[in-house]
Amino acid sequence: MTLRLGDLAPNFQAETTEGNIDFYEYLGDGWGVLFSHPADYTPVCTTELGTVAKLKDEFAKRNTKVMALSVDGVESHKGWISDINETQHTEVNFPIIADEDKKISELYDMIHPNSNENFTVRSVFVIGNDKKIKLIITYPASTGRNFDELLRVIDSLQLTANYSVATPANWKKGEDVVIAPAIKNEDIPAKFPKGHKVIKPYLRTTPQPDL
Ligand code: BEZ
């Protein structure tokens, strides 16, 4: 099944390191990140899961719950978590799905057979509080992900969900944003009372509206 931006994120029930979980129940009315990694007891994945654990407060600030997945079993995950905690100086604080039958990996198209037939690649799905898919990124097994970038995209997505703006290249929270092309010039002052700049008729910026 090919999932695309804007599609409803399929719900599932999964065996995880924190028991059996219904994905939608786990997300509640917040946002979610579902991310896969190739295998337990591998070096890059160890650093990735440790990094995500350390970002717990950052995800919580964004009302975002995280869930990881690989095709290894729960006992393997649990043993590996001890290693992650020890080597990355943290406590893994999110569930890891044990997708041994590959049901969820296939549902989310996380196995790319020309890369590897048996293991999931590094897929990331950001799911909005409407349960729709807002972001899909796929990294190869050999490249650890940049989770600061993931937080940055969630900031952008949550901002643009609430205001008629978009975020420019390399935007970071607090920087000016781009006014959506659909907004007419005459409507800008009422919508963006903090002021705006017209750099070109199609390139208009305003301070981040929710700060
Ligand atoms: C890793 O997590 O280190 C890894 C996993 C699969 C292939 C290459 C690296």
Side-chain angles (χ1 to χ4, degrees), residues 1-5 9-10 12-21 23 26-27 31-60 62 64-127 133-155 157 170:
M1 173 165 169
T2 303
L3 292 173
R4 297 191 173 137
L5 301 189
F12 55 80
Q13 284 74 41
E15 189 186 1
T16 83
T17 48
E18 297 185 9
N20 291 330
I21 292 183
F23 188 49
Y26 175 72
L27 295 180
W31 288 59
V33 171
L34 176 66
F35 71 111
S36 58
H37 56 271
D40 295 355
Y41 296 102
T42 49
V44 176
C45 302
T46 300
T47 62
E48 286 195 319
L49 271 69
T51 299
V52 172
K54 288 179 199 164
L55 291 173
K56 178 181 189 212
D57 292 347
E58 293 302 321
F59 285 109
R62 292 160 177 84
T64 299
K65 289 201 172 153
V66 170
M67 198 182 272
L69 174 151
S70 82
V71 299
D72 297 302
V74 163
E75 288 315 311
S76 164
H77 285 345
K78 286 187 174 165
W80 181 43
I81 284 174
S82 302
D83 282 6
I84 298 170
N85 293 346
E86 177 195 328
T87 61
Q88 307 304 303
H89 312 291
T90 188
E91 292 279 325
V92 170
N93 42 45
F94 51 85
I96 308 175
I97 297 170
D99 192 34
E100 287 182 289
D101 61 5
K102 302 189 174 124
K103 217 170 63 193
I104 300 161
S105 317
E106 280 164 11
L107 187 61
Y108 276 81
D109 198 21
M110 292 165 162
I111 295 177
H112 295 199
N114 289 328
S115 172
N116 191 307
E117 277 184 20
N118 299 316
F119 300 113
T120 44
V121 290
R122 298 187 197 281
S123 299
V124 186
F125 291 83
V126 174
I127 294 150
I133 296 172
K134 306 295 181 189
L135 172 87
I136 303 172
I137 322 181
T138 309
Y139 286 64
S142 52
T143 304
R145 284 162 280 205
N146 183 333
F147 291 96
D148 292 334
E149 166 63 2
L150 188 59
L151 291 171
R152 190 192 76 88
V153 178
I154 293 170
D155 283 340
L157 285 165
N170 291 346

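In each ligand, atom 1 is the first atom listed, and ligand 1 is the first ligand listed.
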Point to revise | Close side-chain approach of H37 to T42, heavy-atom, < 4.5 Å | key: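 When only atoms from C-beta onward are counted, T42 and H37 do not touch, as no gap falls below 4.5 Å.
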key: pair K54-F147: side-chain heavy atoms closer than 4.5 Å   = no
A student comparing V44, T120, N116, L49 should find that the heavy atom closest to atom 3 (O) of ligand 1 comes from V44
Checking heavy-atom distances from atom 6 (C) of ligand 1 to each of A141, P140, P43, A39, the winner is A141
Notebook entry, point to check: Relative to each other, are the rings of W80 and Y41 parallel, tilted or perpendicular (30° and 60° limits)?
Noted result: tilted
Item to complete: Give yes or no for whether the N/O distance cutoff of 3.5 Å, strictly under, is met between S142 and ligand 1.
Response: no
of all protein heavy atoms, closest to atom 4 (C) of ligand 1 is R122 NH2, 3.5 Å
Closest non-hydrogen contact found for V74 with T16 is CG2-O, 3.8 Å
